[in-house]
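Since the structure comes first, as structure tokens, the remarks are kept for the end.
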Amino acid sequence: MNADLDRFRSELTAHLDWFAEHGRKVRFWWRDDDAFEPTPQLDRMLGLANKHNVEIGLAVIPKNAGEALSARLEIEPRAQVLQHGWHHKNYQRKDLGERAAELGSRRDMDELRAQLSDGKANLERLFGTKFIPAMVPPWNRIARPVADMLPEIGLPGLSTFTWLNAPRAHQVQSHVDIIKWKREVRYIGWKSAAQRFDLQLCRRRTNPQEPLGILTHHLVHDDGCWEFLDEFLAIAAHHPGAEWPHIKDLFS
């Protein structure tokens, strides 16, 4: 018996019950980062999306993506594609204490504009109507001049993490990262998951229009991450107090 898991189930259900009793729904969406090729982990994640009938926004690295991923996603009606930078490379100065970013303050803007334009063209070619013109910055960090440039190259959408960038039109954030990244990469645990959802679901009582974004990284999931997804979706994907809008509509 796992008391923390039982608490998570109970508290998530209680929150969603409140919304249903008040004739309201929490708007959820799911973003997964770093896709570029078919893998057993990708298959497992897409299987969960199909099992629970929810869409998933795959942040695809455009330089590394190719025909194999295109063919794999062609048969997946619930998979949508977002642009994940160009090649997921850090350009900041670690020796100066700067945090990792591909779209940060040290980029030559002309070079970056060309890379992101090429990436967009590649994703459009590979994925067609599955591609949503929205940028997911690697490491969830983007310099303001870069963010301001995105609409000029046909990428009006933006998705980072929580409040790291001020809200704007076509910006759809992620809020609950299920992975603990420091030291050993692993699932955050049921207690932390319950606390993070409690915060976000309380916020939705006064800000119901903001979609609540779940953030995953399928390539590094441990058993706890996979268990979380199945347990969470078993409740949130089927409860009358929740809805999962089409991801394309969220960015429109």
Side-chain angles (χ1 to χ4, degrees), residues 26-36 45-46 49 54-65 69-70 73 76-89 101-105 107 109 112-177 200 204 207-218 243-252:
V26 179
R27 305 169 76 216
F28 288 101
W29 82 292
W30 178 6
R31 196 188 97 202
D32 182 89
D33 290 2
D34 300 344
F36 64 93
M45 187 176 62
L46 292 170
V54 298
E55 285 190 351
I56 180 168
L58 296 173
V60 174
I61 303 171
K63 184 180 180 182
N64 300 334
L69 184 61
S70 174
L73 297 186
E76 292 292 342
R78 295 173 183 85
Q80 303 295 313
V81 172
L82 311 169
Q83 183 167 339
H84 203 30
W86 164 240
H87 55 173
H88 210 301
K89 177 182 177 180
E102 180 181 350
L103 310 184
S105 60
R107 297 305 311 274
M109 293 294 284
L112 181 56
R113 181 182 286 105
Q115 289 179 346
L116 297 184
S117 295
D118 287 347
K120 176 177 179 285
N122 192 39
L123 296 181
E124 288 175 329
R125 177 184 64 83
L126 289 171
F127 303 106
T129 59
K130 283 185 175 292
F131 174 62
I132 299 170
M135 177 60 63
V136 176
W139 294 283
N140 286 298
R141 300 187 185 104
I142 184 168
R144 176 52 57 187
V146 181
D148 292 341
M149 176 187 71
L150 294 177
E152 300 172 10
I153 58 176
L155 290 166
L158 177 65
S159 179
T160 59
F161 187 73
T162 62
W163 48 80
L164 294 182
N165 290 91
R168 68 176 197 178
H170 311 293
Q171 183 167 353
V172 187
Q173 298 292 71
S174 57
H175 302 89
V176 177
D177 187 346
Q200 294 299 330
R204 294 312 176 285
N207 187 22
Q209 291 305 309
E210 182 183 14
L212 199 169
I214 313 305
L215 177 57
T216 63
H217 290 73
H218 65 278
E243 65 179 353
W244 294 73
H246 292 300
I247 296 174
K248 191 172 298 242
D249 292 341
L250 293 179
F251 282 97
S252 66

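Every heavy atom of this structure was used, including side-chain atoms; hydrogens, water molecules and symmetry mates were not. Given the structure is predicted, the values throughout are model-derived calculations rather than measurements.
Residues meeting the ring pair (Phe, Tyr, Trp, His ring centres under 6.0 Å) test with W30, sequence neighbours left out: none. For H84, the ring pair (Phe, Tyr, Trp, His ring centres under 6.0 Å) partners two or more places apart in sequence, or in a different chain, are H88.
In this structure, V146 and M109 have side chains that are in contact, with non-hydrogen atoms separated by less than 4.5 Å. Using a 4.5 Å cut-off on side-chain heavy atoms (C-beta onward), Q80 and F127 make no contact.
Atom CZ of R27 and atom CG of L250 lie 5.5 Å apart (nearest 0.5 Å). Note that CG of N207 is 10.0 Å distant from CD of Q200, once rounded to the nearest 0.5 Å. Here K63 contributes atom NZ and K89 contributes atom NZ; the two are 8.0 Å apart, rounded to the nearest 0.5 Å. Note that CG of L155 and CZ of F251 are 11.0 Å apart. Values are rounded to the nearest 0.5 Å. The structure places CG of L215 at 5.0 Å from CZ of R31, a figure rounded to the nearest 0.5 Å. For the atom pair L116 CG and W86 CH2, the distance stands at 9.0 Å (nearest 0.5 Å).
Minimum interatomic distance between D33 and A59 (heavy atoms only, all atoms of both residues): OD1-CB, 3.4 Å. Residue W29 comes nearest to P211 through the heavy atom pair CD1-CB, 4.0 Å, listed as atom of the first residue, atom of the second, then distance. The two atoms that bring G57 and I247 nearest to each other are N-CD1, 3.2 Å, heavy atoms only. Scanning both residues, V60 and L69, for their nearest heavy atoms gives CG1-CD2, 3.9 Å. Considering all non-hydrogen atoms of both residues, G157 and L150 come closest at O-CD1, 4.4 Å. Scanning both residues, A143 and S105, for their nearest heavy atoms gives CB-N, 4.0 Å.
At distances below 3.5 Å, not a single donor-acceptor pair connects side-chain atoms of K120 with backbone N or O atoms of P133. Of the possible polar contacts, one joining the Q173 side chain to the T160 backbone as a donor-acceptor pair under 3.5 Å is found. The closest donor-acceptor contact from the side chain of R78 to the backbone of L46 lies at 3.5 Å or more, if one exists at all. Distance alone, capped at 3.5 Å, places no donor-acceptor pair between the R141 side chain and the P137 backbone. In this structure, S159 contributes its side chain and V136 its backbone to no donor-acceptor pair below 3.5 Å.
Sorted by first and then second residue, the side-chain hydrogen bond (donor to acceptor under 3.5 Å, both in side chains) pairs with a member in residues 243-252 read E55-H246; sequence neighbours excluded.
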Worksheet item: Passes side-chain contact (heavy atoms from CB on, under 4.5 Å), L126 versus V81? Steps please.
Response: CA-CA 10 Å; L126 289 171; V81 172; over 6 Å; no
